[in-house]
Novice: 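The structure under discussion is supplied below as structure tokens; questions concerning it will follow.
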Number of protein chains: 2
Amino acid sequence: MTGQVRTVDGRVAGRRGQATRQKLLDCLSEMLSSSPYRDVKVIDVARKAGTSPATFYQYFPDVEGAVLEIAEQMATEGAQLTALVEGRNWVGKAGWAAAEELVEGFLDFWRANDAILRVVDLGAAEGDKRFYKIRMKILNSVTNSLTESMKELQAKGKVDKDLSPAAMAGSLVAMLAAVASHQKGFQTWGVKQAELKPNLALLVHLGITGKKPTK
Amino acid sequence: MTGQVRTVDGRVAGRRGQATRQKLLDCLSEMLSSSPYRDVKVIDVARKAGTSPATFYQYFPDVEGAVLEIAEQMATEGAQLTALVEGRNWVGKAGWAAAEELVEGFLDFWRANDAILRVVDLGAAEGDKRFYKIRMKILNSVTNSLTESMKELQAKGKVDKDLSPAAMAGSLVAMLAAVASHQKGFQTWGVKQAELKPNLALLVHLGITGKKPTK
DNA sequence: TCGGTAAGCTGACGGCATGACAGGACAAGT
DNA sequence: ACTTGTCCTGTCATGCCGTCAGCTTACCGA
């Protein structure tokens with residue numbers, strides 16, 4: 001499917017090579033969590049991985065290239081987020097549960113990958129299509145499912161027809177992503193995690209169904 | 001109030017110095033719009049401003065320091081966003097108008113300052129308190145006003161009392177900020193600007209009042 | 001008009017990251 | 001032990017960073 005792993009100069013990487021490569025990715029990932037993206041240097045990553053800068057450049061064109069790789073891996077895992085929405089029933093108590101679990105799952109995923117997601121967000125906002133695509137890959141899985149759910153509700157006449165499901169789903173998902181990436185901020189400020197989740201769930205429910213949830 | 005403008009080594013800047021300083025800030029601002037934050041180099045900014053790198057370091061400790069300056073200026077202008085919420089009536093038609101104008105004003109402000117806001121967002125997400133403070137300065141003006149509005153509605157019994165106004169306002173503002181910073185993305189994808197705004201306004205209205213708007 | 005003083009700017013330099021290359025180290029098969 | 005292809009590193013040219021001494025410019029009081 002994805003073809004073999006190759007070095008920058010075209011050689012196929014063997015077992016040892018792949019291990020080194022992965023170690024570099026892991027170290028980079030760690031560095032992204034601990035220091036500003038702008039200050040992450042190839043030489044530091046290489047040192048941390050117990051190798052030399054030259055080795056880094058054998059597997060990646062530059063830091064950005066390696067980041068894209070990590071992001072790609074994460075995006076693949078992120079596809080599982082679809083499961084949070086797909087086949088859900090948005091009516092009655094089940095609807096409230098669906099909203100709650102969506103919020104929960106989303107925040108968890110974001111917390112687990114916050115460092116790399118920050119960089120992806122920045123890249124996407126700066127207009128880099130490669131990052132944008134990755135961000136889409138993650139968000140689309142949720143957005144599309146939500147859009148479908150809303151369309152169904154519209155078809156049954158339970159939601160105003162003049163709403164754009166895509167825009168609504170997109171806005172909700174953007175909200176979740178934004179809140180998720182500033183979770184620490186909310187905490188530092190006055191808002192507790194416990195208060196945040198029900199509010200988000202409420203907004204999601206209101207947005208999708210147009211009605212207050214029955215808890 | 002703000003004291004005099006000073007160089008890094010403590011001298012007070014005169015008229016000429018301030019002009020140079022401002023020119024550097026303008027050029028930096030421009031560069032942030034046209035190239036990735038990570039790739040903005042002091043030497044490029046200096047060249048663009050028709051001066052030397054050494055001059056840059058006379059006024060700013062580093063690129064980040066200069067960015068903070070720009071962000072500070074923007075945050076001051078951003079305080080006017082409060083006007084979009086303060087003293088608003090959220091009942092009936094006026095409520096819908098309030099929601100619409102809030103969304104409109106927010107997206108406009110973001111579009112006008114997207115480059116610097118991206119960087120502020122990143123800095124805040126990375127945990128830098130200085131950037132976080134600036135982000136707060138902008139968002140708080142809106143968040144606090146919204147929180148007050150909700151509390152009033154709660155006092156009148158028009159909104160559930162078990163909701164946290166702060167969390168709700170924070171979530172809504174975070175949503176607006178997120179959607180605003182990915183406006184281009186939404187367009188590139190299938191969602192049109194014209195569809196986006198009413199949906200956001202609807203969500204804001206639903207979140208604040210708990211009810212569907214009367215248009 | 002004429003210094004004197006402080007502001008303003010720059011050339012130059014050591015230091016470090018980048019990115020390329022060639023050659024040596026290593027593992028696996030014969 | 002030898003060969004082959006993979007893997008790593010020493011080294012080097014290049015370019016940016018951040019700092020300093022020192023030069024130029026503007027302002028001001030005598």
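FYI, side chains are in, hydrogens and waters are out, and symmetry mates aren't considered; it's all heavy atoms of this structure. Naming convention: chains lettered A, B, ... in sequence-line order (proteins, then strands); numbering from 1 in each chain. This one's a predicted model, so the numbers in the text were calculated from it and none came from an experiment.
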Novice: What's the CG-P distance between B/D9 and D/dG18, to the nearest Å?
Specialist: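 The distance from CG of B/D9 to P of D/dG18 comes to 16 Å, rounded to the nearest Å.
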Novice: Please list, chain by chain and in numerical order, all residues satisfying ring pair (Phe, Tyr, Trp, His ring centres under 6.0 Å) with B/W96, sequence neighbours excluded.
Specialist: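 If we apply the ring pair (Phe, Tyr, Trp, His ring centres under 6.0 Å) test to B/W96, skipping adjacent residues, there are no hits.
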Novice: Mind checking ring pair (Phe, Tyr, Trp, His ring centres under 6.0 Å) for A/F109 and listing every partner two or more places apart, or none if nothing turns up?
Specialist: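 Checked A/F109 against ring pair (Phe, Tyr, Trp, His ring centres under 6.0 Å); zero matches.
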Novice: Taking the basic N atoms (NZ, or NE/NH1/NH2) and the acidic carboxylate oxygens, is any pair closer than 4.0 Å for B/R47 and B/D44?
Specialist: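 Looking at B/D44 together with B/R47, the answer is yes, because their closest N to O distance falls below 4.0 Å.
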Novice: Any salt bridge (Lys or Arg N to Asp or Glu O under 4.0 Å) involving residues 131-149 of chain B? Give me the pairs, sequence neighbours left out, ordered by first then second residue.
Specialist: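 Non-adjacent pairs meeting salt bridge (Lys or Arg N to Asp or Glu O under 4.0 Å): B/D121-B/R135.
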Novice: Holding to side chain to side chain contact (heavy atoms under 4.5 Å, CB included), I want the full list of residues that pass it with B/V119, two or more places apart in sequence or in another chain.
Specialist: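 Side chain to side chain contact (heavy atoms under 4.5 Å, CB included) list for B/V119, sorted by chain: B/L32, B/Y37, B/V67.
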Novice: Can you name the side chain to side chain contact (heavy atoms under 4.5 Å, CB included) partners of B/S141, sequence neighbours left out?
Specialist: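 In terms of side chain to side chain contact (heavy atoms under 4.5 Å, CB included), with neighbours along the sequence ignored, B/S141 is linked to B/L81, B/T82.
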Novice: Just to verify, what does B/F131 make a ring pair (Phe, Tyr, Trp, His ring centres under 6.0 Å) with, not counting sequence neighbours?
Specialist: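 In terms of ring pair (Phe, Tyr, Trp, His ring centres under 6.0 Å), with neighbours along the sequence ignored, B/F131 is linked to no residue.
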Novice: Calculate the interatomic distance between B/E64 atom CD and D/dG18 atom P; express it in whole Å.
Specialist: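 My rounded result for the distance is 11 Å.
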Novice: Tell me every residue that passes salt bridge (charged side-chain N to carboxylate O under 4.0 Å, His left out) with B/E101, counting only those two or more places apart in sequence or in another chain.
Specialist: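 B/E101: salt bridge (charged side-chain N to carboxylate O under 4.0 Å, His left out) contacts with B/R88.
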Novice: Applying side chain to side chain donor-acceptor pair (under 3.5 Å), which residue pairs with at least one partner in residues 63-73 of chain A are found, sequence neighbours left out?
Specialist: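 Non-adjacent pairs meeting side chain to side chain donor-acceptor pair (under 3.5 Å): A/R21-A/E69, A/E64-A/R130.
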Novice: For DNA chain C, which nucleotides open and close the run of contacts to chain B, 5' to 3', at under 4.0 angstrom from a non-hydrogen atom?
Specialist: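 Listing 5' to 3', DNA chain C meets chain B from C/dA7 to C/dG11.
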Novice: With the threshold set at under 4.0 Å for non-hydrogen atoms, list the residues of residues 31-45 of chain A touching DNA chain D in residue-number order.
Specialist: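 Output list: empty, so none.
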Novice: Check side chain to side chain contact (heavy atoms under 4.5 Å, CB included) between A/D26 and all other residues, then give those that pass, not counting sequence neighbours.
Specialist: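 With neighbours one apart ignored, the set is A/Q22.
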Novice: Provide a list of protein-nucleic acid N or O atom pairs under 3.5 angstrom, restricted to nucleotides 8-13 of chain D.
Specialist:
| from | atom 1 | to | atom 2 | distance (Å) |
| --- | --- | --- | --- | --- |
| D/dC8 | OP1 | A/T20 | OG1 | 2.2 |
| D/dC8 | OP2 | A/Y59 | OH | 2.8 |
| D/dC8 | N4 | A/Q58 | NE2 | 3.2 |
| D/dT9 | OP2 | A/T51 | OG1 | 2.7 |
| D/dT9 | OP2 | A/S52 | N | 3.4 |
| D/dT9 | OP2 | A/T55 | OG1 | 3.3 |

